[in-house]
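Before any comments, here is the structure.
Start at 1 and go down the list; that is how both ligands and their atoms are numbered.
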Amino acid sequence: MTPTFQPGQATVYNSVQDIAQLTRALRKTARPVVLVPTMGALHAGHISLVKAAQRIPGAVVIVSIFVNPLQFAEGEDLDAYPRTLEADVEKLRAAGADAVFAPSPREMYPNGPRTVIHPGQVGTILEGKTRPTHFAGVLTVVNKLFHITNCSHAIFGEKDYQQLIVIQQMVTDLNLDVQVIGAPIVRENDGLALSSRNTYLSETERELALTLSAALTSGAYMAGQGPDAVVAAARAVIDSVPEIELDYLELAGPQLGDVDPEGANRLLVAARVGATRLIDNIGIDFGSEEVTGEPRA
Ligand code: PAF
């Protein structure tokens, strides 16, 4: 049965046809349809994306919850990834989201993974080196979600900074009529960036994980001394904790190309803490004294 849409009540849709029908009708009312794509296991970071969506005047906010098998490689945590749909819908209802799209893998990929969208060069660096098929999986599902939900806008967290860039590139390169908006990272009081994967961490590992945001903060405080000093300061913090298995620590320009020695850049880190792989990043502006996106100490 087609669900009855109740604005602000996080009405749940499981079928592509039902959510597409609803959102097509909504677009005809000229209201912005704002998509917040997620894989569920919602935390305050996701809710901040919903709030960002709600700030768009007249927005109808659709949150998708789908653990996308296509973006997980063999041996990654697809099966272990937390699935908490009921609790997620409760949180979205409390936040006043309008609709939830929660399809099954069969609903999303009735023909299996057949046609896939490949990222350009940016998809091959940083995360792409360790996870070579990841961004093709992300772009494929995001492109489908854009079409299925007829969205005019979509909100993505800057926590997955490289993801945001490859999605922006897809929108430009494929002439998609969707406005992509990045929203700031949400952190715990001690600096840990919120992530659904934090639930994998033991208490000891959680303490160790703070090394990542501490390294980024140390790097950011050296912005006045130039790029090499930034990377060296961050590296020193990581090296002081031997339990952290560093994957990469890199400074890049805002589009993840060359560093702009006089402008805004991004310092990005990925590391394994025990069995859990975590990522984080911070804005570093060589053109101003200000530390952007600073983790709170
Ligand atoms: O960032 C995520 O949670 C996922 O990569 C996304 C964008 C929902 C696509 O599955």
Task: For V141, atoms of ligand 1 separated by under 4.0 Å from a heavy atom - done: 9 (C), 10 (O)

TODO: Report yes or no: do R266 and N281 form a side-chain donor-acceptor pair below 3.5 Å?
DONE: yes

- [ ] State, with a plain yes or no, whether a side-chain heavy atom of V273 is found less than 4.5 Å away from one of E243.
- [x] no

Task: Per-atom contacts, ligand 1 versus P37 - under 4.0 Å to a heavy atom - done: 8 (C)

- [ ] Please could you name the atoms of ligand 1 that Q163 approaches to less than 4.0 Å, counting only its heavy atoms?
- [x] 1 (O), 2 (C), 4 (C), 5 (O), 7 (C)

Open item on the list: When you compare the side chains of D247 and T130, does any donor N or O come within less than 3.5 Å of an acceptor on the partner?
Closed with: yes

Task: Closest candidate by heavy atom, reference atom 10 (O) of ligand 1, pool M39, Q71, H134 - done: Q71

TODO: List every atom of ligand 1 that sits less than 4.0 Å from any heavy atom of T38, numbering the atoms from 1 in the order shown and giving each element.
DONE: 8 (C)

- [ ] Kindly compute the distance separating OG1 (T211) from CG (D280), expressed to the nearest 0.5 Å.
- [x] 11.5 Å

Open item on the list: Testing the 3.5 Å rule here: is there a donor-acceptor pair between the side chains of Y81 and N68?
Closed with: no

